[in-house]
Amino acid sequence: MLYPIISDDHNHRSMSPYRKLAALLLVCATATAADKPRTPPPVKPAAQYPMNDAHEDEKVTIAADPCTDKDDCPFFRLPYTSHGFVAVRVIVSNDRDEALNLDACVMQFLPAEGDKEGAATDEDLNRRLFAQKSFGGPHIPLINTHPEPIDKKILSDDADFGFATTIIPPHSTRAGYIFYDTKGIDDPVLKHAELYIKKVFYNDDRGKKHELFAFQLPFDKWLAAQHQPLPKPASDKDSDKSTDKPTEKTPPPL
C-alpha cells in the first residue's frame, strides 16, 4: 500500500506517489501522441509515375517521386529538405512470379556534374540537423568517441516512410523514401541528374539467383511533368480566319 509522504513542514504534504504516477503517465501519453505512427501517401503502380524505368522483359518497373520542398511532404516530422536533402520516394512494382530481393540494392544519385551520392543514413540526417553550429574560437574540438544518439523523430520517419522490407512479393508494389545530400550541388540540383539503381535480385524456382539489369531514372522526366505547358488558346486572328466566309469578288461595272 502507498502512503502520502509527509514533508518537514507538517502543514503541507509533498506530492503523493499517486500524483507522481499520474503525472508520469500524462507525460508518457503526450510523448506517445506526438510520436504516433503516420500514414505515408497512397502508392500507385510504378508505371503511373512520370519518372519510371520499365523493364518489360524482366517484368519489373521502378519509379521515383522526389520531394524538394517541405510543403510538398508535410508528413515528415523534420524539415529535411530545408537542410540540403532531397527526399526521393522509390516505388518498385514486381510483376514477376518470384519475389524480388533488395538486400544488396544500391541506389545512387548522379548529379549533372560532380560525384555520385549514396543514400543518406540516419546518422547523416542526425548530424546535419542537430550538429553544433560552431565550436567557437581557434581551439581544436575534442574527438567524440561516443556516437550521438539518433533523434527519435528521424527513427520514427524511417519506420513510417522508409522501406518496411527488402523483399518485394510477386505481383505487388512497395515504396519507401530515401534521402540524398545535395547541399554541395549547384541549383537546380535535379536538372540532368539521374537515379541509378542496381543489384536487384530474384531467385528462380530452382533457387538460382539472378540479377536484373540496372535501372536508370532521369529526373528531367519528373521536372518536365511539373511544368506541362497548357494548350495554346486560339488567337482572335485565328478565330477570325476560321469563322469568316470567303469574300466574294464584286463584278466590275458594265
Side-chain angles (χ1 to χ4, degrees), residues 40 43 45-69 72-73 76 78 80-94 96 99-129 150 154-155 157-159 161-168 173-202 209-226:
V43 63
Q48 295 185 21
Y49 293 85
M51 181 181 169
N52 75 74
D53 186 7
H55 291 192
E56 295 182 1
D57 292 342
E58 295 177 317
K59 299 181 180 180
V60 176
T61 302
I62 295 183
D65 190 25
C67 174
T68 59
D69 191 296
D72 295 333
C73 40
F76 288 135
L78 293 170
Y80 306 102
T81 57
S82 299
H83 290 80
F85 291 99
V86 170
V88 180
R89 193 182 200 189
V90 177
I91 303 98
V92 182
S93 289
N94 178 19
R96 301 187 61 86
L100 298 178
N101 190 320
L102 305 183
D103 282 341
C105 185
V106 176
M107 302 183 184
Q108 297 172 324
F109 180 87
L110 308 182
E113 297 181 1
D115 297 332
K116 58 189 176 185
E117 293 279 347
T121 63
D122 289 343
E123 289 78 8
D124 295 331
L125 298 173
N126 194 78
R127 191 180 304 114
R128 174 69 56 78
L129 271 67
I150 306 299
I154 293 177
L155 297 177
D157 278 345
D158 186 27
F161 307 114
F163 275 95
T165 177
T166 56
I167 302 300
I168 314 298
T173 295
R174 297 290 186 271
Y177 279 92
I178 54 179
F179 296 88
Y180 293 98
D181 184 358
T182 59
K183 190 174 183 179
I185 301 175
D186 294 335
D187 288 328
V189 297
L190 297 185
K191 188 175 181 179
H192 303 326
E194 180 180 285
L195 186 64
Y196 184 74
I197 300 175
K198 62 181 180 178
K199 294 189 178 181
V200 179
F201 294 93
Y202 73 91
K209 192 174 184 178
H210 300 269
E211 181 178 358
L212 302 184
F213 288 106
F215 293 81
Q216 296 175 278
L217 294 85
F219 284 94
D220 285 347
K221 284 186 176 181
W222 180 81
L223 291 171
Q226 309 309 302

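All values below were derived from every heavy atom in this structure, side-chain atoms included, with hydrogens, water molecules and symmetry-related copies excluded.
Residue pairs meeting the salt bridge (Lys or Arg N to Asp or Glu O under 4.0 Å) criterion with at least one member in residues 182-199: none, sequence neighbours excluded.
For K59, the NZ atom sits in a loose shell: 12 or fewer heavy atoms of surrounding residues, nucleotides or ligands are nearer than 6.0 Å. Sparse packing is recorded around CG of D57, with 12 or fewer heavy atoms of other residues, nucleotides or ligands lying under 6.0 Å away.
Judged by distance alone, with hydrogens and angles left aside, the side-chain atoms of D220 form a donor-acceptor pair with the main-chain N or O of H192 at under 3.5 Å. For the pair T182 (side chain) and F85 (backbone), a donor-acceptor distance under 3.5 Å is absent. Between the D124 side chain and the T121 main chain, a donor and an acceptor come within less than 3.5 Å of each other. When atom types are taken as modelled, the side chain of D53 and the backbone of Q216 share a donor-acceptor pair closer than 3.5 angstrom.
Judged purely by distance below 3.5 Å, without hydrogens or angles, the side chains of Y202 and N94 never pair a donor atom with an acceptor atom.
Among the candidates V43, T173, T61, L100, the single residue satisfying the side-chain contact (heavy atoms from CB on, under 4.5 Å) test with V92 is L100. Each of L217, L190, T81 was scored for a side-chain contact (heavy atoms from CB on, under 4.5 Å) with P66, with one residue passing: L190.
A 4.5 Å side-chain heavy-atom check between V90 and L195 finds at least one atom pair inside the cut-off. Counting heavy atoms from C-beta on, the side chains of V200 and V60 never come closer than 4.5 Å. No side-chain heavy atom of V189 sits under 4.5 Å from any side-chain heavy atom of Y180.
A46 and A63 get closest at one heavy-atom pair: O-CB, 3.3 Å. What you find for P40 and R89 is that their closest heavy atoms are CB-NH2, 4.0 Å. Pairing each heavy atom of I197 with each of C105, the nearest pair is CG2-SG, 3.6 Å.
Rounded to the nearest 0.5 Å, atoms CG (L125) and CG (L78) are 9.0 Å apart. Here the straight-line distance linking atom CG of N126 with atom CD1 of I150 works out to 4.5 Å at 0.5 Å rounding.
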Under 3.5 Å, which donor-acceptor pairs do the side chains of residues 106-120 form with other protein atoms, sequence neighbours left out?
none

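By the salt bridge (Lys or Arg N to Asp or Glu O under 4.0 Å) test, R96 pairs with E98, sequence neighbours left out.
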Candidate pair F76 and F179, rule ring-ring contact (aromatic ring centres under 6.0 Å, His included), full reasoning = CA-CA 12 Å; F76 288 135; F179 296 88; 5.5 Å; yes

I62 and N52: CA distance, side-chain angles, deciding distance, side-chain contact (heavy atoms from CB on, under 4.5 Å) verdict | CA-CA 6 Å; I62 295 183; N52 75 74; over 6 Å; no

